[in-house]
Structures are given as C-alpha cells and as structure tokens.
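The structure under discussion appears below in the form of structure tokens.
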Amino acid sequence: MFGERGAGTGERAAPPSRSPFPAPRSPCWRHLRVTTAALPRVRFAPSPTGYLHVGGARTALFNWLFARKTGGTFILRIEDTDKDRSTDAHTQVILDGLAWMGLAWDEGPYFQGAEGARHRADAERLLAAGKAYRCFCTPDTLDAQRRAAEAAKSAFRYDRRCRGLAAGEVERRLAAGEPAVIRFLMPDDEIAWEDAVHGRISFRGTDLDDLVILRSDGSPIYNLAVVSDDIAMRITHVIRGDDHISNTPKQVALYRALGHAPPVFAHVPMILGADGKKLSKRHGATAVGDYQDRGILPAAMRNFLALLGWSPGGDREIMAEAEMIGLFSLEGIQKKPAVFDTAKLEWMNGQYLSMLSAGELLAPVRRELDRLGVDSGSRDLGPLIEATKARARTITHIAEQVAVRLDAGRVTRDEKGEALVRKLGEAYAANLGLAARELAGVPPAEWTPDRLIEVLKAAAEQAGLKLGDLLQPVRVALTGGTVSEPVNELLHVVGRDASLARLHAAARLA
RNA sequence: GGCGCUAUCGUCUAGAGGCCCAGGACACAGCCCUCUCAAGGCUGGAACACGGGUUCGAAUCCCGUUAGCGCUACCA
C-alpha cells in the first residue's frame, strides 16, 4: 500500500555495545512471553539526537528506581524515528552514559525504527475504523494557514478539509501518486487522567488538533510510535518529563481509539539552569559525560539527581543505592521544576569521595592522570591519593594534586602563592634555606611525618620564627599554592630527594 | 494568541489544618580547632508570590490575580 521508500522503517542493527550489560535475550519484543503481567514495566525512551542530557538521565534514574523498588522491569528503547537527526554514535553515548550511572536495563535496547510495520498497521487500523483519515494538504499550505492564524492571534487548528473527501477521490489521488499523510480524528470528549505526580489533569478534545500520525513516506510520527510501542511492550507506567504533559491527551485518545487502556502516567518536573530557564548548552555542562569528565563519581551523580525533583521525606540526603530504592516512590516526586546546582553536586561528590578509600579511588584517579597526560609509572599512588582526597571535591581535582606531587614540572605558583612570596620578601628564601638545611639533616630512613614535624618545629623555635612562616614557604615551594595537606605529610609524600630539590630550586628563584 | 502545568530561604527541599512567629541540606558570614586548606563543631542572616474566602485555627483546602515554564511540526 505504502511504498517501501520509508527510509526510517527498515530494520536497523543495534550498534556495537561496550556496555557491561548482557545482550537482550530476545531480539524483538514481540516474542516476549507474558509472564510478569502483574509487575510494572517501565521504559526509558531517549531519542539518539544528542548526548545524554542530565534531565534524561534523571528520568532514566526514576524509571530504574521505580522498577527496582517494585520488582518490575526497566526497559530501554531508542526512539530513532527521526532518521535525519538520529545517529548510532549518539545511541552509543546514551548507552555508555546509562552504564556509567549504573542504570542497568532489563530489556533492550529496542529500536523504534525497526517497528515501522506495526506503526503503519496501527495507523491503517485507525483509518479502517474511521478514526483517522488521509490528508493531502501540503506542508506549505498548512504553514501558510498557521502563520495566518498566528498573525490574527487566534489558535490554529487543522480545518479538517480533507476529512470529508469521498473514498473515490482519495483512491484516485493516491493512485496518481499524490503524497498523503494519515491524520487522527481527535474526538471532542474531555480527556483526563490521574497523573501519579500531578493528580488529575484534563484537556478538552476540542482544544486538540487532528494530529498527523503517519507521514507521507509511511513513517510514524512520535505520538503514534510511542503509543504503539508502549502497548506492544506492555508498559504499565510511563515516567517521563513534564514537557510531555501536552502530548499525553493525544496519546490517551490514541490508546482509546486503539482499544487499549492507557498506562499510569507520572510526569516529572524539568531541570532548570541557574537562571530558571530550561537547562541547555549555554548553562555549561548538560551532558552526563561532562560530569564524568569533571571527575564526578557515578554514585554521587545518582544521589544528586535523585534529589532533584524527588525527596524521600524528612532530612535524608546521602543515600546508598539500596536505601534510595527502598525509599523511592512516585508520591515523593515534586511538581515544580528544580534548578541544577553544581555547587551542591560537588559537595555531594566530596562526601562520596571521603567515604571511599584510596584503594577504591586508584583506578579512576589513574584514568584521570592518563587524561591529563601524567605518567604515573609504577609509583604507588595510594599515599598520594590519601594525602589529597580530603581536600578534593572531584576525581579531577585529586588527579591534579597528585600530579603536582609526582612531577615538579607541574608546580606553578598560583595567586595566593605569589602573594605570600611578596609578603615575606627576603624572608621567603631565607626561611626556605633554613628549612632545606634542617631537612637535609634528616636521613632517608627517618623521613617520616612525625620526625619531619619535630625537626621543623625545633628549627622554627630556634630561629624565633612562627611555625607558619616556616611552613607556608615550604608548602608554596612544593606545590605552588598555599593550600595542602599538613606540610610534614606533604614532604613525606613528595619524598626526600624531590622535596629537597624543590626547596633548593625555589630558594634560588626567589 | 490558545491549551496546560507550577508557585516555602539565593538553590535543593521537609511540611498533607493546630506539633511551624516554618525544620534540614548546599551556598554565604562569624567563631572554635589549626602551619594553610578541607573536614568537623558552634553561631548568624535568609522563605510560606499577592489578594480574597472556608475554618475556632491555613504554608497546608477553595477562588482569583500575578509570575515562570511547557506544548501549540509530515521533531522527539
């Protein structure tokens, strides 16, 4: 009936997945057995037209949390019906982002683009039942009408001029090759549903348009594809962003026309930038990959995102995965949009950092060092991480500090460092010289934090110096900055020879 | 323009008629600790958008106003 030229309807192979999850047992959801009918089935359905946005990640998280809480199934479906903008690379980024967040899906990924035949069949079923009709109006005429309506400051609704076309004329124009879409005949009734987060929401059918459900090339439009797929996948709860609220009445109408009960809808609030506008590129990092690169831990990201728009009630903030699952409920989801606060994310990341041992941080820090181009060689990074993690809020921050301790070439004096050198004047080099002399007298075997602080304190006392005036220059000489772990630990971690070398070099330069 | 959603400290939120002249967290300021910073402890400033109802009593219920946001495609 429709030509095979619908480019978006061909089967498409899943891109090679580097995700740690097992491949789906069944290549197509049509073959799934009805064995868990009573348990919830939820899905995350991103379109691979960009990176995994934090808003999308949070939607995925809520779906995942809900599935884990209820013993239900979390399904991943890639909505790639917009073939112009969808790419396999984007799909892979989404898969990787989900895997990084630790959100394992139970089924999928399924590809919407592979289901074109069913979408078309559903559209034609509606057509046959008189619940949809063919429309020959061209995009150009429609555009003109829309613009006219806009200019007249009135609402545009398709005027249904093709609805009354005689069957014969439709056949004739189709046979002549005239392009036609299929439009859904929107009923006039009230359309309402009990939203799990907002309560009852209702629309009047008369305010809704006769939406196109099948393009002239035979490919489905979003609202049809979603409903068709959600029915086929037996989705019980649709948890998605608030921006879909106005799509929901259209979809509910489609469910009714298709003879299926709609699922439970739960519309979660948007995530905004600091200026109260929808989070977007100009707010800086919006992709989960950006946060991965910034050295945010997956667990912290998960915890932070969970608390954006959801609250377990009471004062709970830091929650282990199991607690979060146990506490999760749709009722706890907020109605109003939430502003993404990077400062709080970093604070939370710091909390997670402090809960992890140096050993557990080894792999991510090494990865970050590689990224920074630091050759950590065979050095035992444990003590270095231990020394720096208390003051760091991100993995990246730890790696930078480890790098400074590892490689004298990474030492650059920051503003505060410069200020200290200026303030001390000649005393800077003099005090460094004193420290270097005293420290040089400590044999390698005694180069321990305890011994070092003893020596330094004695030296300061003997010279009549405030301890800080002796130690701060050492700190600046070793790290370039005025902030670090206690100086004796810093000396220990940098090592005797390297420390002495840095001290001498700094004293000469000053 | 139409339709819809939303409204508690700067931010994330607790609060489901009296427990609230509103609690916690981030951020901010001060103090303690201290060689610096972080952490930790203590302290402080900081909010129920506005106007009407309902009620003995409202942040909580109802109505209106205002503001913000979303949708209004042969995008998803």
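Computed from a predicted structure; not experimentally measured. In what follows, every chain begins at residue 1, and chains take the letters A, B, ... in the order their sequences are listed.
Separation of the C1' atoms belonging to G10(B) and A27(B) is 8 Å when rounded to the nearest angstrom. Distance noted for atom P between C19(B) and U11(B): 26 Å (whole Å). For the C1' atoms, the distance from G51(B) to A46(B) is 25 Å, rounded to whole Å. A gap of 12 Å separates the P atoms of C61(B) and U6(B), to the nearest Å. Comparing G18(B) with G57(B), their C1' atoms are spaced 6 Å from each other, to the whole Å. Taking atom P on both nucleotides, C74(B) is separated from G15(B) by 43 Å, rounded to a whole Å. For the C1' atom pair drawn from C26(B) and G45(B), the interatomic distance equals 16 Å after rounding to whole Å.
Nucleotide A39(B) forms no Watson-Crick or G-U wobble pair with any nucleotide shown, as no partner meets the under 3.5 Å limit on both distances. The nucleotide U55(B) finds no pairing partner, because no Watson-Crick or G-U wobble arrangement with both distances shorter than 3.5 Å includes it. With a cut-off of 3.5 Å on both Watson-Crick or G-U wobble distances, the partner of C19(B) is given as none. Under the Watson-Crick or G-U wobble criterion, with both distances below 3.5 Å, G4(B) is paired with C69(B). For A46(B), there is no paired base (Watson-Crick or G-U wobble, both distances below 3.5 Å). Applying the Watson-Crick and G-U wobble criteria (two distances, each under 3.5 Å), U34(B) pairs with nothing in any strand. A 3.5 Å limit on both hydrogen-bonding distances identifies G10(B) as the Watson-Crick or G-U partner of C26(B).
Under the 3.5 Å distance criterion, the side-chain polar atoms of His119(A) are matched with a main-chain donor or acceptor of Glu115(A). One N or O on the side chain of Asp80(A) and one on the backbone of Gly113(A) form a donor-acceptor pair closer than 3.5 Å. Under the 3.5 Å distance criterion, the side-chain polar atoms of Arg77(A) are left unmatched by any main-chain donor or acceptor of Arg43(A). Between the Arg391(A) side chain and the Ala387(A) main chain, a donor and an acceptor come within less than 3.5 Å of each other. At distances below 3.5 Å, not a single donor-acceptor pair connects side-chain atoms of Arg393(A) with backbone N or O atoms of Gly350(A). In this structure, the side chain of Ser354(A) engages the main chain of Gln351(A) through a donor-acceptor pair within 3.5 Å. In this structure, the side chain of Ser499(A) engages the main chain of Leu491(A) through a donor-acceptor pair within 3.5 Å. The closest donor-acceptor contact from the side chain of Asp189(A) to the backbone of Gly205(A) lies at 3.5 Å or more, if one exists at all. Remark: side-chain polar atoms of Ser228(A) are not paired, donor with acceptor, to backbone N or O of Leu224(A) under 3.5 angstrom.
Backbone-only contact: Lys277(A) has heavy atoms under 4.0 Å from sugar-phosphate atoms and none from a base. If you check every strand for non-hydrogen atoms under 4.0 Å, Tyr222(A) touches a base. When heavy atoms are screened at a 4.0 angstrom cut-off, Lys153(A) is found touching the sugar-phosphate backbone but no base atom. In this structure, Val181(A) reaches the bases: a heavy-atom distance under 4.0 Å links it to at least one base atom across the strands shown. Residue Lys457(A) is classed as having no contact, given no heavy-atom separation below 4.0 Å to the nucleic acid. Among the heavy atoms of the strands, none lies under 4.0 Å from Thr49(A). Base contact: Val487(A) has a heavy atom under 4.0 Å from a base atom. No engagement by Asp84(A) is indicated, since no non-hydrogen atom pair under 4.0 Å with the nucleic acid exists. Within the 4.0 angstrom heavy-atom criterion, no nucleotide atom of any strand lies near Arg316(A). Gly309(A) comes within 4.0 angstrom of sugar-phosphate atoms only, judged by non-hydrogen atoms across all strands, and of no base. Residue contacts shown for Ser202(A) are limited to sugar-phosphate atoms, with no base heavy atom under 4.0 Å away. Within the 4.0 angstrom heavy-atom criterion, only backbone atoms of the sugar-phosphate kind lie near Glu79(A); the bases stay farther away. Arg157(A) comes within 4.0 angstrom of nothing in the nucleic acid, heavy atoms only.
Here Glu489(A) does not pair with Arg405(A) in a salt bridge; the nearest charged N to carboxylate O distance is not below 4.0 Å. We find that Asp275(A) and Lys277(A) are not joined by a salt bridge, their nearest charged nitrogen and carboxylate oxygen being 4.0 Å or further apart.
Applying a 4.0 Å cut-off to non-hydrogen atoms, the residues of residues 239-252 of chain A that approach RNA chain B are Asp243(A), His244(A), Ile245(A), Ser246(A), Asn247(A), listed by residue number. Contact check of residues 470-477 of chain A against RNA chain B (heavy atom, cut-off under 4.0 Å) returns Leu471(A), Gln472(A), Arg475(A).
If His198(A) and Glu485(A) are placed on RNA chain B by their nearest nucleotide, the residue sitting closer to the 5' end is His198(A). Heavy-atom distances to RNA chain B give each of Leu467(A) and Ala45(A) a nearest nucleotide, and the one nearer the 5′ end belongs to Leu467(A).
Between Phe62(A) and His237(A), a ring centre-to-centre spacing not shorter than 6.0 Å is recorded. You'll find the ring centres of Trp310(A) and Phe328(A) inside the 6.0 Å limit.
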Requested in this report: Apply side-chain hydrogen bond (donor to acceptor under 3.5 Å, both in side chains) to Tyr291(A) and Asn349(A), showing your working.
Outcome: CA-CA 11 Å; Tyr291(A) 292 94; Asn349(A) 201 56; over 6 Å; no
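In summary, contact between chain A and RNA chain B, defined as any nucleotide atom under 4.0 Å from a heavy atom of the protein, begins and ends at G1(B) to A76(B) in the 5' to 3' direction.
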